[in-house]
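Whatever order the structure lists them in is the order used to number ligands and atoms, beginning at 1. Reckoned from all heavy atoms, side chains included, excluding hydrogens, waters and symmetry mates.
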Amino acid sequence: MTTIGVFDSGVGGLSVLRHIRTLLPDADLVYVADSAHVPYGDKPQHYIEQRAVELTRFLIEQGAEAIVIACNTATAAAAARLRRDFECPIIGMEPAVKPAVTATKSGVVGILATVGTLKSARFAALLERHAKGIEVITQGCPGLVEQVESGDLEGPETLSLVERYTRPLLSHGADTLILGCTHYPFLAPMICKVAGPDIALIDTGEAVARQLQRRLLAELPDTLPGDGLEHFFTSGDPHAASLIMSKLWGNAVVVHPMEDAV
Ligand code: DGL
């Protein structure tokens, strides 16, 4: 039975999980939110690497045969280490620079991401590979992940952060904005409202789900379909996590503490 393990610093990875569920309706999904350690965006690389190793080990203990790092920051910090330490397929993600470069008409692309992602060597290499001839403006977004974690997707504090981070990109002529952190798709309606109808928003969730599907077919072709179940875990407060994850997932979910897992 195919079991996929998915992790993020918190609830942002649910924006990837929903695409995985759509594409792989029979797979059993185990999701872990590292809520006790969120946000990752301001943490050093070695810290995120250690967390990623621990979460991957946990997911494999829960039966995961493939791991999705549903977090741009953790991919930049820890994908190489996970691929060294674990044998199963490890699917990471990075800001969607390539599709944005294809989509822009103004030749200016804005990227909203965590400070950790933007200062990583992996991100520098991504720009080097795909952003030739295009002006790319990066914008770190401290505080935005915390707003999503607290379930505030519409309030004035969140709006003021979204305005502060989005407006400079627009005034520089960006017509395409990359949502380079998995928490931000939950703010897409607000970002759209601030940016207006002519600005394209690009996120990577669906592409990651397609990449996972390709890797499963190529590397685990004989696994039987699962029962289409989802199991949710957190390293933080399970009650708080259940409330916010139910809201973002769109169905009531029960989130278990990691230490209760078998
Ligand atoms: N959701 C994450 C990402 O895609 C990490 C956010 C954070 O914890 O700072 O980058």
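Heavy-atom distances between Gly12 and ligand 1 stay at or above 4.0 Å for every pair.
Both the backbone and the side chain of Cys181 come within contact range of ligand 1, each with a heavy atom under 4.0 Å. Contacts between Thr182 and ligand 1 below 4.0 angstrom, taking non-hydrogen atoms only, involve backbone and side chain alike. Counting heavy atoms closer than 4.0 Å to ligand 1, residue Thr114 contributes side-chain atoms (C-beta onward) but none from N, CA, C or O. Neither the backbone nor the side chain of Asp42 has any atom closer than 4.0 Å to an atom of ligand 1 (non-hydrogen atoms only).
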CA sep, side-chain torsions, deciding dist, call: Arg129, Glu94, salt bridge (Lys or Arg N to Asp or Glu O under 4.0 Å): CA-CA 13 Å; Arg129 264 199 322 277; Glu94 52 197 10; 3.6 Å; yes
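The residue from Glu149, His37, His183 that puts a heavy atom closest to atom 1 (N) of ligand 1 is His183.
One finds a salt bridge joining Arg51 and Asp34 here, because a Lys/Arg side-chain nitrogen approaches an Asp/Glu carboxylate oxygen to under 4.0 Å.
Figure legend: cation-pi geometry between Arg57 and Phe7 absent, as NZ or CZ is not positioned both under 6.0 Å from the six-membered ring centre and within 45° of its axis.
When only non-hydrogen protein atoms are considered, atom 6 (C) of ligand 1 lies nearest to Val145 CG2, 3.5 Å. Shortest contact from atom 2 (C) of ligand 1 to any protein heavy atom: Cys71 SG, 3.2 Å. Scanning the protein for heavy atoms near atom 7 (C) of ligand 1, the closest one is Tyr40 N, 3.3 Å.
Atoms of ligand 1 lying under 4.0 Å from at least one heavy atom of Pro39, given by number and element, are 7 (C), 8 (O), 9 (O). The contact set between ligand 1 and Ser9, taken as ligand atoms under 4.0 Å from a residue heavy atom, comprises 5 (C), 6 (C), 7 (C), 8 (O). Proximity to Thr73 (heavy-atom distance under 4.0 Å) selects the following atoms of ligand 1: 3 (C), 5 (C), 10 (O).
Ring geometry for Tyr31 against Phe232 counts as tilted: the plane angle lies between 30° and 60°, on a 0 to 90° scale.
Looking at ligand 1, you'll find an N or O of Gly41 within less than 3.5 Å of one of its N or O atoms. For the pair Thr117 and ligand 1, the shortest N or O to N or O distance does not fall below 3.5 Å.
A donor and an acceptor atom, one from each side chain of Glu149 and His183, are located under 3.5 Å apart. If you check the side chains of Thr73 and Thr117, you find a donor sitting under 3.5 Å from an acceptor.
Looking only at distances, no side-chain donor or acceptor of Thr56 sits under 3.5 Å from a matching main-chain atom of Val53. Side-chain atoms of Thr104 never come within 3.5 Å of backbone atoms of Ala100 as a donor-acceptor pair (strictly under, hydrogens ignored).
Atom CG in Leu29 sits 14.5 Å away from atom CZ in Arg18 (nearest 0.5 Å).
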